[in-house]
Structure formats: C-alpha cells, structure tokens
Amino acid sequence: MTKIIGTSPLREDARVKIDGAAKYVDDLSFPGMAYAMLVRSPFPHAKISEIDASHALELPEVVAVITAKDIPGKNKIPIVFDDQPCLAEDEARYIGEPVAIVVANDRRTAQIAATLVSVKYSELPAITDPLLSLAEGAEKVNPVLGNILSRHKVNKGDVDSAMSIADVVVEGEYKTGYQEHAYIETQGVIAVPENEGGIALYGSMQCPFYIHKALGYVLGIPLSKLRVIQTVTGGAFGGKEDFPSLPATHAAIAAYLTSRPVKLVMTREEDILCSTKRHPGIVRIKYGARRDGTIIACDAEYILNAGAWSTLSPIVLWRGTVHSGGPYRIENFRVDAKAVATNSVPNGAFRGFGQPQVCFANESLIDELAVKLGMDPVELRLRNALDIGLETLTNHVIKESCGLKKVISLVRDEVKWLENRSRKERVLSNGKYYGVGFSAAFYGTGLGAGGKKIDRSGAFLQVAFDGSVQIAVGTTEMGQGHNTVLSMIAAEELGADVKKVSMLPIDTSRVPDSGPTVASRATMMSGQAIRDAAKQVRKIIHDVVAKRLGVAVETLEFEPGVIFSGAKKITFEEAVTWCFDERVHLAAQGWFKAPNTEWNSENGLGDAYYAYTYTAIGAEVAVDKETGEVEVLRIVSGHDIGKAINRREVEGQIQGGAVQGMGYALYEDLVSTNGKIIRPNFSGYIIPTAADIPEIKPVIVEEPYEGGPFGAKGLGEPPLIAIAPAIANAIFDAIGVRIKKLPMTPERILETLEAVR
Amino acid sequence: MFREFLTPSTIEEAVKLRNSIDSSMYLAGGTEINSIVWPCRSKISANTAIYLDKLPLKNVKVEKTKIEIGASVTIQELVENKSLPPMLLAAVRLFANRNVRTMGTIGGNIGGNRACSNIAPALLALNTSIMLAGKNSKEKITLEQYFSNHDPEKLILSIEIPSGWQKRRWAVRKHTRTANDVSLVSAAVSFSGTEAKIEEPIIAVNGVVPHATRLYELEKKLDGQSLPSREAIDEEVKKLVNPESDLRGSSEFKKHLSAVLVSDALHEAAHRVVCR
C-alpha cells in the first residue's frame with residue numbers, strides 16, 4: 001500500500017514561478033555578455049551569392065558577423081537525419097532560415113546591425129504546397145533527402161478484399177492546420193566560454209542532451225568540454241525538443257569565436273515565424289464494416305507538410321502512422337504515410353506528435369460510420385475497442401493494462417451520453433444549438449520501436465547526513481510537474497519524507513543522460529530509474545538498521561520517514577545517521593531500459609510501443625447557426641494512465657491538454673502565404689483565453705502497467721489528442737454538418753452550413 | 001520605437017509639443033500604441049511619446065443633462081462606475097480583459113479609431129460628442145464627425161453623453177474568436193418608442209468600414225415603423241456595408257455578421273425593459 005503515490009503534494013516550483021523569483025534565461029546575465037541576432041532569409045527559396053557585412057561592422061558596438069564559412073565544426077544540426085544546416089550557405093530554403101549571426105554589445109545594436117548585413121539573393125522557384133512537392137517532376141526541395149523526407153507503411157491482412165465484402169464503407173478527406181506552441185517564454189539561450197576552450201550553454205529547453213550533441217557537431221570539440229544547463233523553462237509542449245539546438249548552436253558559435261558570453265533570446269514574432277510547429281496534415285481514410293458494426297478494414301493515406309528540413313518529421317510521421325486507424329481491433333489495415341518537403345518553416349515536435357491530425361480524421365469518420373450503420377457512436381467504439389488479448393493496428397497483442405472500454409464507459413456516463421444525445425429540445429434559451437460528441441484514442445507511451453535506441457533513463461540518488469535526498473536525472477521540468485512527481489516516486493521507494501527530496505538542476509556534466517523529455521515518457525522512464533537507485537540505497541540503509549536493531553532485514557517494514565520491525569521503530573533520519581556512523585555510501589546509480597519491442601519495418605507490423613494510454617473524450621457544445629460561433633460547454637476527459645502518481649498534477653495535465661486541444665480545434669489559425677507566416681503574433685494567432693475555458697471534468701482510470709513506476713503510464717500528450725474530433729462530432733450533433741478542416745472557425749462552419757443548404 | 005518620452009503638465013503644452021515635433025504621438029494607457037508602433041510591423045514611425053498622465057483628463061462628471069468622461073479614464077474605471085448608461089457599461093464589459101481594460105483609456109480607444117473597437121458603436125448609439133484641443137483652439141464635434149475626419153494631431157479631452165439615453169431601448173453585440181480577442185464586427189443600437197413604433201433609432205457598426213459608423217439609411221427606414229423581421233433587417237444591412245476581406249475574415253463573412261449582429265441587437269433592444 002503506497003503512502004505518497006496517489007496523493008497531491010504541492011509543486012515544489014510553484015511559489016517561485018508565481019512570485020516572480022524564478023530566473024528564466026532572459027533574467028540571467030554574465031560579465032561581458034554580448035547579444036546575438038540572426039540575419040534571416042526573406043525568401044522561401046533563393047540562391048545566396050554574397051554576404052556583405054561591412055556596413056554592419058562599421059557600427060562601433062558590433063562585435064562580429066558570422067556566416068557559414070566561420071563555423072568551426074560541421075554546418076549541420078543532428079536530429080534524425082543530418083540534413084539541416086546551422087546557417088544557410090549557398091541556398092536559403094524557407095523564409096526565416098538563418099543566414100548569418102550578428103553579435104553586438106547590446107541587443108538593439110544587434111537588431112539594427114542585422115538589417116545592415118547585405119545578402120545577395122537570387123530568388124528561385126518555391127514549392128510551399130506538399131501536394132505540388134509530391135507531383136512528378138517537381139523541383140527538389142530538400143537537397144539531401146529529396147521531396148519525400150520520410151515514408152512509412154503498414155500492411156496488415158488484405159484490405160482490398162475486406163473492403164469489397166464490407167456491408168458499409170465510409171471515407172473522407174480531412175485537413176488540419178499549423179499549430180504554434182505558444183509557450184509563455186520564447187526560445188532563448190546564453191552561451192558562456194569556459195576554461196580550456198569549453199562552452200557552457202544555458203537555456204530554455206526540453207532535451208539538454210540533444211543540444212549537447214549539436215554543440216559538439218558545430219564546434220568540433222569533444223562533448224566532455226561542453227555542458228548544457230537548463231534554466232527555468234516557461235513551457236515547451238514539444239517546441240523546445242528539437243528546435244533549441246538551432247539557436248543554441250548559433251549562440252555557442254558566437255561565444256566560441258568572440259570569447260564572450262552571448263545571449264540570444266527570440267522575440268515572439270521571430271519565434272512564431274522561425275521555430276517549428278505542428279505539421280499541417282492531410283488524411284484520407286476509409287473504413288469498411290459489417291452490418292453489426294464490426295470494422296473489418298481501414299485504409300489510410302497520411303501526408304504531412306514537413307517544411308524545408310526533416311527535423312523530427314520522420315518520427316512524428318511514424319507515430320501518426322501506427323495510430324492512424326484508431327484504438328480499435330481491425331483485421332485488415334493499410335496506411336501509406338509521407339512527410340513531404342516544402343519551402344516553408346520546418347515543423348517538428350508538438351504535444352501529440354503526429355497523432356492529433358490522424359485522430360481528427362479517424363474519430364470523425366468513426367462517427368460518420370455510426371451514422372451510416374444507424375448505430376450509436378459510443379456503442380460502435382465499444383464494439384471495436386482494443387482489449388486484453390486483442391491486437392493493435394500493427395498486430396501488437398495487448399497483454400496488460402488496457403482500460404479503454406472502462407474509460408469509454410465512464411466518460412459516456414459522466415457526459416450523460418444517452419440522455420443528452422436523445423435530447424428533444426436542441427435549441428437552447430440563447431438560440432444556440434446543443435450538441436454532444438465523443439471520441440477515443442490510444443497513445444503509445446515512450447519512444448517505442450521508432451526511438452528504441454534512446455529509450456532508456458539514468459538516475460543518481462544520494463542521501464545527505466540530515467536525511468534529505470538529492471536526485472539527478474536528465475529529464476527536465478518545463479512546467480509539467482516533472483520534479484514533484486519524481487520526488488514522490490523517490491520518497492515512496494526510499495521511505496523518505498517527500499518534502500526533503502530535491503531534484504538537482506539540469507547540467508549535462510552532472511546529471512545522467514536520461515533520454516529526451518518527450519513522448520510522455522519522463523514519469524515512466526526516469527521514475528523507474530529513480531526507483532532502481534532508491535531500492536539500492538534503501539537496501540544499504542535497511543542492512544545497517546537491521547544490524548543495529550538486531551533483527552532480520554526481512555522483518556523490516558517502512559513508510560515515509562519511519563522504519564520499523566514489530567515494536568522497534570526509528571525515523572529515517574536516525575537511520576541515516578547510523579549509516580554515516582557506519583561509513584557506508586548512501587548513493588546509487590539507477591538505470592532503466594524500455595522493454596524490448598519487435599518491429600518489422602518492411603510491413604510495418606509488430607510492437608510499435610510497449611504500453612498504451614487509452615483516452616475517451618465527451619464534449620458538449622452550443623453552436624450559433626447565425627454566426628458560426630461554437631461555445632464549448634463542457635469537456636469530460638478520461639484516460640487510463642495506469643496509475644496517477646500525483647492526482648492534482650494529472651488533473652492539471654488533463655485540463656491543460658483539453659484547452660490546447662480546444663485551441664487546435666476552434667481558434668488557432670496560422671495563416672501562411674507562399675511560405676510566409678502572416679501576422680506572427682497573438683493579435684493574429686488566437687489562442688484560447690481563461691474566459692473561454694469550460695468545465696473540464698477529468699476521469700482517471702488506473703489499469704496498472706507492470707513496467708511503469710507503481711503501474712504508471714504516460715499522460716503528457718493524450719489529453720490534447722482527441723479533443724478536436726469530439727468537438728467536431730458535437731458540432732455535427734448540434735447542426736448536422738461535418739467540418740473536415742481544422743480549425744473549425746465560425747466562417748468555416750457557416751460556409752459548410754451554406755454548402756449543404 | 002520611441003526614442004523620446006515627454007510628460008507635459010498642461011493641455012496647451014501637450015498640444016504644442018504634438019504640433020511642433022514631427023513623428024510624435026500622444027500616449028495614454030499604451031494599449032493602442034503598443035500594437036501600432038511595434039518595430040517589426042509598424043507602418044507608423046513614432047519617435048516621440050507625449051505622455052498624458054499629468055493632464056487633468058481623469059474625471060467622470062455625471063450631471064442632469066450630460067455625462068462627461070475625461071479622455072484618460074480607463075476602461076476598467078468605466079466598468080466599475082455604476083452611474084454610467086447601462087449600454088456603455090455593457091460595451092466596456094465586453095471589451096478585452098481586465099488587464100487591458102486597466103491600462104487602456106477611453107480616449108485612446110477612440111483616438112485609435114480602429115475597426116476592432118466595440119466601444120465606438122456604443123458611443124455612437126449614445127449620441128456622444130467629443131471635445132478636442134487642436135493647434136489653435138478647442139472644439140466640440142460629434143463622435144461620428146471625429147471618426148469620419150480623423151485627425152490624430154488633435155488631443156481628445158473628453159467625451160460627452162447627452163441625457164435622453166435613460167428613455168431609449170438599447171443593445172450591443174460583438175463577434176470575436178475568443179472571449180478576449182478584439183472584435184471582428186460589433187454593433188450597437190438604441191431607439192425610443194416600442195417594437196410597434198421605433199423612434200429616432202441609432203444603428204452603429206464597426207469592423208465593416210475602416211472606422212465605426214452609423215447606418216443612416218437604415219435608421220431613416222426604421223424611424224416611425226414597427227420592428228421588421230430579422231430577415232428584412234439582414235437584407236437591408238447587407239446592402240449598406242461593404243467590408244474588406246482580410247486575414248480575420250472574408251468580406252462576405254463580415255457582411256453576414258454585421259447583418260446578424262444588427263438584427264439581433266434591434267430585436268433584443270425591442271424587448272428590453274427601459275429601466276431608467
């Protein structure tokens with residue numbers, strides 16, 4: 001019986017973030033610090049024939065202007081493929097691509113000097129539409145990988161035959177737009193030269209070890225001379241996974257060449273223009289089903305607009321591909337997915353990672369299938385839902401921890417599905433139309449077969465003389481409650497007081513590489529590594545205590561802060577004092593390796609992931625048929641997460657994800673014309689505000705997963721993934737029209753209504 | 001970007017500075033200026049800010065015949081002033097969020113003369129006048145005249161709402177993407193009489209031309225008539241507005257919205273109990 005797990009201790013970082021004491025990267029300063037600004041391409045595709053920095057260098061406060069030829073190491077950013085340059089050299093391939101770094105004594109001079117660097121461009125034809133990029137004979141957009149940056153297929157069973165015998169077939173094409181992360185803190189780094197030619201890089205980030213590797217690439221010096229320090233990070237949502245390597249390398253090169261600390265903090269507009277975003281997607285999908293509602297075939301095509309460079313697109317695409325048919329057992333499944341290069345800003349990681357696009361499509365189409373079958377959409381989902389003993393789309397047989405049917409049923413009850421769905425009075429007192437919608441999803445926790453090589457985590461735990469506990473892991477706190485949750489796991493496993501557990505600040509020279517803080521993996525992976533370390537230290541302590549108490553070690557029991565054997569009882573602190581008296585080392589390294597997965601990349605079949613989080617969403621809306629406005633009245637968001645380590649944090653993730661999902665569904669419309677993002681600011685890019693947030697009711701299901709800490713699976717991303725289709729299905733229920741493009745803006749809803757009139 | 005920041009202590013000094021320094025702007029709460037002089041997107045270069053904080057423009061005077069509101073009164077102060085016309089209170093409550101309302105002033109909102117102000121049509125529907133200080137003189141003109149012949153060099157001193165609003169029916173409307181977003185289209189209506197006989201209607205919209213405006217032709221058609229159906233009002237409004245398409249919405253969408261908002265507002269006003 002756990003004592004700490006499942007409770008809700010306060011966030012250790014909450015107070016400093018609320019009272020303003022927390023130091024973000026732009027709050028930091030170093031003696032002699034200079035400022036960097038980027039010269040960026042104004043063209044989506046252009047040849048660079050000359051870069052003349054003479055006018056910029058005439059300004060007395062300008063320190064240096066750095067171009068590709070000055071890079072001491074490789075001009076490449078390592079992510080999946082090494083195709084993206086740190087600075088464009090001969091050609092610029094998207095608007096905003098970095099061409100030169102200007103370093104000045106102050107930020108304003110750097111801004112002015114960046115405008116004085118004269119770059120001779122010859123504009124070249126640009127392809128900004130992924131379908132044109134796929135056309136035969138299209139100009140090559142990406143010089144290394146071509147126009148298809150990545151392609152994944154799954155082929156299971158015989159889709160064509162199954163479709164031909166299906167009683168009912170439905171199909172549709174769905175489109176989704178860009179989504180900007182809109183983290184509160186924009187991208188920012190400071191590079192500081194250190195002794196013996198090293199560089200310390202401070203910054204706002206998710207994955208310090210990605211940056212560590214990138215610095216080694218561009219500087220051409222051993223990783224042992226480089227360290228990356230995460231500063232307090234004001235939100236990330238995937239946007240600080242792959243992208244920060246780019247500004248980090250710019251600042252590091254500048255610091256290395258000028259021997260001065262260099263700060264590079266992006267403005268909001270620069271950030272929206274130039275940083276990675278959620279990929280716009282096109283999904284064509286078809287379901288075939290028997291009259292009784294059994295889905296027998298699914299055929300899908302998935303196209304992502306990746307932008308000019310591949311970044312994480314291959315992995316984003318892969319996750320979308322293996323989830324594209326939904327959380328259902330389908331005997332015959334085929335998908336062909338492509339990440340396509342265009343002359344536009346590269347897209348990358350974003351909460352959900354390729355799944356929100358396919359989920360909007362498949363969960364909208366499931367509702368269309370239900371209409372055609374004359375079946376209740378929830379009933380249809382339950383009939384086909386994954387369960388223990390059934391296999392996923394890629395033939396992964398689920399052996400444990402599958403609460404999908406339970407979560408669907410609980411959400412159905414909580415949203416009063418049957419009652420609300422059969423409401424006769426659909427027009428509310430304000431003249432708006434009421435509707436209720438449902439969706440379901442599954443989410444492979446961790447990196448799975450796609451990122452197997454880096455799916456491991458390390459932890460270091462040591463106990464101080466006063467019984468306090470210090471932990472070092474390489475996964476990061478970025479606002480999601482990571483440190484609090486991991487402290488709870490350590491305290492529970494060790495038998496310590498959770499208030500006395502602290503996480504070391506992230507510095508790659510002091511914490512183990514625990515893999516990236518992505519894929520909803522940190523609680524599970526670092527949690528298990530910490531448990532491993534804590535168990536080792538607990539054993540050391542218990543051996544000493546048993547000896548001193550004169551009891552067999554097997555008789556010892558513990559709770560947070562206390563160790564006892566029968567009537568004999570001592571505090572954790574006393575036990576630690578005994579250990580110090582005995583001169584034993586109260587420290588251990590923990591390690592956890594994700595379970596092995598079997599994967600056949602030829603046919604796309606196998607264990608895509610080792611465990612899945614299961615989701616069901618119920619959404620109630622009111623739609624104004626005159627203005628097209630959609631008011632979300634209530635969201636019920638249910639997730640089987642194995643175990644809620646910190647219940648309040650879990651509810652926070654669920655609520656935050658629902659709001660971000662609402663933004664994706666209804667408001668967030670990043671307009672891009674010929675590769676140029678128009679109005680890159682929050683007056684043009686509209687995100688949900690506090691006043692738009694409805695009641696969000698979390699439903700937590702705990703079907704424990706043996707491989708996770710105390711049964712926990714991942715939760716960071718699932719709360720966003722299935723929000724948009726639930727709202728789309730509710731809109732359909734309210735006004736009878738199917739919106740197939742995100743965001744579902746009022747104008748888009750009115751156009752669709754008009755088209756069916 | 002401002003390079004010079006001046007704080008005059010009299011109205012005369014402020015006007016003199018504004019007229020003698022090229023590329024200067026009046027600065028009150030800053031919410032309008034922030035959005036137009038941001039270096040990356042500015043089409044307006046303003047080097048000098050003339051900060052109005054020291055000027056005596058922060059009073060609200062409620063008299064029998066009129067209400068006078070100083071230009072530097074913040075929108076939030078209006079929200080909290082229960083002696084103001086309910087129509088104005090409804091409009092300012094719909095405006096942005098508390099943070100912006102606490103900074104933004106009524107003078108700044110009017111002086112910005114922007115299509116996204118939902119307060120402007122409400123003020124028009126309240127028959128508001130505006131007091132201005134120019135290079136050589138002060139003047140009082142209607143708000144409609146101010147919007148049509150906008151002169152940013154003139155300092156807004158105050159606005160004046162004449163009595164009579166107590167006996168008029170009213171309604172305000174705005175369409176935004178989110179609750180805190182600026183409005184795409186907004187409308188405000190007021191009239192005397194009843195649903196059976198509308199008298200002296202004022203119908204104002206914003207977001208469909210570059211600044212807030214009254215739909216005089218529709219006002220004339222409705223004066224002395226019973227309230228038409230929503231469809232009939234829609235049709236009339238659509239004939240009178242010709243908004244431009246932009247990133248926030250197409251011309252057709254804005255035209256449609258203006259029709260819906262005006263007809264909604266007229267029908268809501270007709271059924272409102274005149275409370276004062």
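Atom set for the values below is all heavy atoms of this structure, side chains included, hydrogens, waters and symmetry mates excluded. Note that the structure is a prediction, hence the values are computed from the model and not measured. So you know, we letter chains A, B, ... as the sequences are listed, proteins then strands, and number each from 1.
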Visitor: Would a 4.5 Å heavy-atom cut-off, applied to side chains only, mark Asp271(A) and Glu180(A) as touching?
Guide: yes

Visitor: Quick one: what part of Ser250(B) sits under 4.5 Å from any heavy atom of chain A, side chain, backbone, both or neither?
Guide: both

Visitor: Which region of Pro746(A), side chain (C-beta onward) or backbone (N, CA, C, O), has a non-hydrogen atom less than 4.5 Å from a non-hydrogen atom of chain B, or is it both or neither?
Guide: both

Visitor: Between atom CD of Gln660(A) and atom CZ of Arg351(A), what is the distance when rounded to the nearest 0.5 Å?
Guide: 5.0 Å

Visitor: Heavy-atom distances under 4.5 Å only: say whether Asn180(B) touches chain A with side chain, backbone, both or neither.
Guide: both

Visitor: Taking atom CZ of Arg98(B) as the centre, does the number of heavy atoms from other residues, nucleotides or ligands within less than 6.0 Å exceed 12?
Guide: no

Visitor: Where does Thr673(A) contact chain B at under 4.5 Å (heavy atoms): side chain, backbone, both or neither?
Guide: neither

Visitor: For the pair Lys239(B) and Glu236(B), find out whether any cationic side-chain nitrogen is under 4.0 Å from an anionic carboxylate oxygen.
Guide: yes

Visitor: Which atoms of Val260(B) are under 4.5 Å from chain A, going by heavy atoms: the side chain, the backbone, both sets, or neither?
Guide: side chain

Visitor: Give a yes or no on whether the ring-centroid distance for Phe253(B) and His175(B) is below 6.0 angstrom.
Guide: yes

